Each structure stands twice: as C-alpha cells, then as structure tokens.
J.: 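So that we are looking at the same thing, I have put the structure below in structure tokens.
Since we're looking at a predicted model, the values are computed, not measured.
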Amino acid sequence: MPPIASAQSQPVARTVLPDPLYYLANFQRVIQRVYERYDDLLSTEEQDFYRRLQLLSGDAQALYVRLLTRKGPLFRTSKLRYQEISDQSQAVADLVAQQLVIQPSEINLLDTFPLFTKQEWLELLPGAAAQRLAKAALVPLLQSLPEPVQTIIEQQGETLIQLNSSEHFATFCLLYFSNGRQDLTEFVLRDLGVYRYENYSLARATRVFTHREQIDKMLAYYRLRDVLDDLASLSREEILALNTQLPAIACSQQQDKCRGNTLVQRRIERLRLRLARQLERLEAWQDALALYRQCQQQPSCERQVRILHRLAQHQAALKLCQQMFDSPSEAEQTFARQFHPKLLKALGQAATKPAPPALNEVQLFLTAGDSPNVELAAAQSLSVSGDCFYVENTLFLSMFCLVFWEAIFADVPGAFSNEFQTGPHDFYEEDFASQRSQHLESGWRKLEHWQRAPDDLIQVAEQKHGIATPFHMGFMPAPELLKLAITRISLRHWQIIFERLLRDLKENRNGLPDLIYFPNTGGYELVEVKGPGDRLQKNQLRWLHYFAEHQIPCQVAYVQWQ
DNA sequence: GCGTTAAGAG
DNA sequence: TTCACACCGTCTC
DNA sequence: GACGGTGTGTCTCTCTTAACGCCA
Ligand SMILES: [Mn+2]
Ligand SMILES: [Mn+2]
C-alpha cells in the first residue's frame, strides 16, 4: 500500500537549486512553449486549460504543479504543506474556481483507502480483532459500515481534493518532448547535473507533429499501451477487440513521410505486433497472421513464415521467405537463408543448408570462483599476457559517437525540437548518413588524425564524458583503453566497423564481442566469451561473420570451469 | 525492532 | 525501456 | 546438440522517510 507522505518533515540538506519555485518555472516553460508552437493544433479543451492556468495566482499554479508531480488524483490537504506556497487555502480555492481541482462530493472507499493509514482506519473499527489483520483485509469490514469515508474524513478533520485536467498537461508534455516518456523531472535532473545534454542548435527547431490527428493517435497509443500491460491475461476476443481500437495506420491527411507520421505509425505497429504475438501464444494462428500482415516492421515477416510453416502451408511460407532474401535488414536475410532449407525439405525438394563461415573458436579452462562472471574471469586470465577490457558494445559505440559527434548533433532540419534529446530525431532512419555526408566526411578525417595524435582523442573523450548520446547516458571509456584502441586498431578496421554501424544503427548497435584484448606482442583481438550453457546470439553471429569476412581478429572463447 | 517497498524531492 | 544471459522444452540427427 | 521461447537482472538519479508486515 502506498505510504502517506509526511508534510511535517523538514527538508534535509541536499543539492540546492537556486530558485525554490524551480518546478513552477519548468512547468511554465513547457506550457508556454507548447502553446506558442502548437497553437493551431491544440483542442479547444487544451486551449481552455491554458487559459485557466493563466488566471491562477502564483501560489495556485505552484500547488497545481506539486499535485501534478505527486501520486493522485486524490489528496489530503493536510498532507500538502510547502514552504514556498504562502497561502495554501487560497491556492486551493483558486484551483477549485478554475476547475483544476475538484472537491469530490462522493468518494469511493477503494480510492480513499490508500490515503489513510491502517491505524487511522482502525479507529473506525472497534475491538482488538481487526488490529491483527493486514491492512487490505480491513476493506470488507469497512464496507459494512454506513459511511466509512465520510466518517474518517470528519474524524481526522480532513479535506480531500482531486486533481483535475492532468491529462491536458500530459498532452503538453508529449508535445514538448515529442514523446510520452520524459516529463518535468528532466529539467531537475539536468539542472542537478545528473543528465547532461549536448548543446546542439535549436535555432531551426520545428514541431514534430504536424496534424492534430497525429497527436490524437499518440495519445491513443499511450492509453492502449497501458491497457496492454496485462496482455497475457487477455482472451483472443479481447485482443481482437483491442486491435480494432488501434488507430488506423494511414493518416487521413496525405501519407506524408514526415516525422510525426512515421513516429505514430511505428508506435501503433509495435502494439499490433505485440497483440499478434499474444495471439500466437493462444494458438489463434489465422488471427495472428491477419495482424502480422498489417505490419511492415520486424519481426512481422519472420513470424508469418513461422506460422505458415507450423500450419503446413509450405508454399506460402516459401514465397514469403524468398521475398525476405531481398530484405534491407541483414537479420531478416539471415533468417530467410537459414529457414529456407527447412521449407524446401517440407516440400520434398532437395535442400542444402548453407555452411556457416568458420569462426575462430577456442576452449578456455578457468578455475571457478575467481570472478563473479565469466567475462571478467576470462579477461583476467588473458591479462597475464596483455591488456584486456570488458567492453561489449560500449567501446565501438562510444568511439562512433566521438568520431561522428558533429554529424550526430548537426543542425539538420527536423533533427532537434527540444533541449532534452540524446540525439537527432532521425538517428535511426535510413537517410541519417546521407543527410550528413559532409559532417561524416570530416569525422573520417578526424579518425585518421586521432590515430596520429591519440591524446587529442583522449582530450575530446574527456570533454564529452557525461554527455548523453543516442546509445547511452554519457559514459566514455577510460583513456588507457582509448589510447590502446586508437593505436592498435588499424584505420581500415575502424572504417569497416563504422561502415557496418552506419548501414543500420538500430540493428547493429548491439552484439559486439565481450572483450577486447591487446597482447603484449602487439595488435588486438576481439573475444566473445561463452560460459557453459550459453550460445552465440544472432546479432553476435552477424558481427562475428562480418569480422571474419574482413579479417578483423576475433575469437569465441568457450569457458569451462575446472 | 527490522527489512521491504514506495512516495517524494531536488 | 535495452541488452545479454540463463534456463527449459521440443525437435532433429 | 540445435533451436525457439521465456524469464531475469541490469539498466534506472540518489537520498530520505514512512507505512507495513513479520518476527522476536
Ligand atoms: Mn556479453
Ligand atoms: Mn558472452
């Protein structure tokens, strides 16, 4: 059960923000910016929401923001006490006048129950018997009383208020951040220095959503996503009903290739993919197929092929599988090649499984208990003859960001719309590179330069350390590692790796080997460690095959404990 | 009392 | 809201 | 053994406090 916040406790010493009304300033910034930028796309309710906010006193606005950032929607006014709000009663009255807060007349016991402590509820239940029960077990006892909520409110001398119109603020946040994930805490964490964002240009910032329809679909998406939290408990009929609630894919406006449209479309498709996957679990194959056919994104095709195979519709499966040979996605191509023989065999045709390229595989015998995990144990054993680092994706992704920093944060139209972005909106789009060819060129030259002047790389890494990138929240590899990497890995190898990353940042940003090993004898080697029972994953295989194809030194080390 | 969990806040 | 691993059951050789 | 599917821990900002349930 949610605990009740204490209003009496005094704030403890902590990092201090200069303005005690910092949260109000942040709130106003969001509201104002969205009101200006999305003026013509706001509904009349949202416009009115803005207007009502403007009519509030400072105290009332501040209190409203406090309520927005606390768990509600019901509050005990006695639990709201803020130093910077001088007249709380007046603030509440102002909010009530603008309908931003409601004084509820009739309140459900179940909604009120969490607001009061077990002790407080027990005052309504005479006798020692109830004392021993768990708090939740008091509910049926309280329900048998005439007016439990009214009684406890009077007994505690309490006033309850209910936050209203908070959904409009959620919409404003969606428009400010262009997603439903970030909120006012972004401002605080940035001001505290927890998050640091690159100081990219917002001079040409534009809005992401261009039609009201996109906004409504985004809002519908977030509502439905919450419903899908307990997807596993839904029946086939319920899932199909949810599917019909998904907004139509195509915007009735022309199907622009603008960001807003693609964003909405992909979000909704991801929900449909989840629904289809659940239909598979329920063995509703035809329904699942029907939903998958409406989806462009992965793994739609793969799932369809698998279902058709399971339904013994091998011709249809084969046809779709062969189409996947030409997929722009390497992952889809690989799946198609591997699944193809199975289908041919099912159709009675001769099938030859493509021999996978040979990998450099070795056994590594380690004594158990040295280290908490296999990767570190393997790294430790390799360290006797060189330097070894447990890097996984971090080394190459961080280096990618450092090398192409100017490209990533370049002032490309439509790339940035607010100050809390880890990267441009089109980072994972196909034309990310072509939109920034000049900047990428200078990145390649910078890489060459850093090979001759590693200290320059280390200096830039230090400078960018802590700044959020599309891949992670700002961690850069240690200088020793950077220096070894930039000097031991040849320019050609860097190019080969970065070219693959640039081909498909989303698909190739993972699966890089666990370790990088720099032997004392020179050179380097990438090492994927596999403990007993672990196997190479598909994304790891794709990288390893690519490395093998381009003579990039790598091996798979199978650890056996001794 | 003690450990767990969650709210709240900067 | 990501990524990599651990584990389990089934199919195949 | 290969392979698919699923669960899990890890990310998560960090710190303080209160409520709750369990145990002695
Ligand atoms: Mn790993
Ligand atoms: Mn590994």
Side-chain angles (χ1 to χ4, degrees), chain A residues 1-23 26 65-72 75 79-84 113-122 131-138 179-182 184-196 225 229 232 267 270 277-278 280-281 299 302-303 306-307 309-310 335 338-339 341-342 345-346 353 356 372-375 390 392-394 397 422 466 468 470-475 506-507 509-514 528-541 559:
Chain A
M1 287 293 108
I4 307 301
S6 163
Q8 322 319 336
S9 62
Q10 289 305 303
V12 281
R14 55 155 58 105
T15 326
V16 174
L17 296 172
D19 178 12
L21 286 170
Y22 68 91
Y23 57 93
N26 300 336
V65 182
R66 286 293 194 184
L67 297 184
L68 278 173
T69 51
R70 281 177 62 161
K71 184 167 171 68
F75 298 90
K79 298 296 179 189
L80 307 169
R81 292 285 181 268
Y82 295 100
Q83 278 192 338
E84 73 281 3
F113 191 65
L115 295 186
F116 295 91
T117 67
K118 183 183 173 187
Q119 276 310 312
E120 289 168 327
W121 286 116
L122 278 173
Q131 299 268 352
R132 313 181 64 87
L133 295 173
K135 190 189 178 188
L138 300 182
N179 62 59
R181 166 177 39 93
Q182 290 173 292
L184 287 179
T185 62
E186 289 291 320
F187 288 89
V188 181
L189 294 178
R190 180 200 55 181
D191 295 342
L192 289 174
V194 176
Y195 293 160
R196 288 175 60 207
R225 199 190 53 169
D229 275 348
R267 290 285 162 90
R270 279 180 62 181
R277 197 71 186 78
Q278 187 58 24
E280 280 195 75
R281 294 190 188 97
E302 175 177 335
R303 298 316 309 170
R306 287 188 187 282
I307 293 172
H309 174 63
R310 186 178 298 219
F335 166 79
Q338 289 183 346
F339 208 83
K342 198 184 287 195
K345 192 174 288 182
K353 220 173 180 177
N373 57 33
V374 266
E375 293 87 355
Y390 182 22
E392 262 173 4
N393 306 311
T394 60
L397 295 188
T422 60
F471 296 124
H472 47 70
M473 270 298 180
F475 153 85
K506 198 166 200 65
E507 195 168 277
R509 72 184 166 186
N510 52 35
L512 284 152
D514 292 315
E528 173 54 42
V529 182
K530 284 297 164 199
D534 191 12
R535 350 183 268 255
L536 289 169
Q537 296 168 57
K538 292 189 170 186
N539 54 358
Q540 296 173 329
L541 274 167
V559 171

J.: Under 4.0 Å between any heavy atoms, over every strand shown, what does A:Arg270 touch: base, sugar-phosphate, or nothing? Just pick one.
T.: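 Sugar-phosphate contact only.
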J.: For A:Phe187, does its backbone N or O pair with a side-chain atom of A:Asn26 as donor and acceptor, under 3.5 Å?
T.: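 It does not hold such a pair.
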J.: Using a 4.0 Å heavy-atom cut-off across all strands, classify A:Arg509 as base, sugar-phosphate, or nothing.
T.: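 Sugar-phosphate, backbone atoms only, no base.
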J.: Looking at A:Phe113, I'd like to know if the NZ or CZ of A:Lys135 sits under 6.0 Å from its six-membered ring centre while staying within 45 degrees of the ring's axis.
T.: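 So A:Lys135 does make the cation-pi contact.
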J.: Looking only at atom P, what distance separates C:dT12 and D:dG5, rounded to whole Å?
T.: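 That atom pair is separated by 14 Å.
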J.: Would you say the side chains of A:Lys530 and A:Gln540 form a donor-acceptor pair under 3.5 Å?
T.: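 Yes, a side-chain donor-acceptor pair sits under 3.5 Å.
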J.: P atom, D:dC11 versus C:dC5: distance in rounded Å?
T.: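 It comes out at 15 Å once rounded to the nearest Å.
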J.: C:dA6 phosphate, OP1 or OP2: any side-chain N/O from A:Arg535 under 4.0 angstrom?
T.: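 No, no such contact exists.
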J.: For C:dA4, does OP1 or OP2 lie under 4.0 Å from any side-chain N or O of A:Asn539?
T.: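 For A:Asn539, the contact criterion (side-chain N or O under 4.0 Å from OP1 or OP2 of C:dA4) is met.
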J.: Could you tell me whether the side chain of A:Arg66 has a donor or acceptor atom within less than 3.5 Å of a complementary atom in the base of B:dG8?
T.: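 In this structure, the two groups form no donor-acceptor pair.
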J.: Nearest 0.5 angstrom please: A:Leu512 CG to A:Asn393 CG, how far?
T.: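 Answer rounded to 0.5 Å: 5.0 Å.
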J.: So what does A:Glu375 touch, heavy atoms closer than 4.0 Å: a base, only the sugar-phosphate, or nothing?
T.: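 A:Glu375: backbone/sugar contact only, no base atoms under 4.0 Å.
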J.: Please check the phosphate of D:dA19 (OP1 and OP2 only) for any side-chain N or O of A:Gln119 closer than 4.0 Å.
T.: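 Looking at the OP1 and OP2 atoms of D:dA19, neither is under 4.0 Å from any side-chain N or O of A:Gln119.
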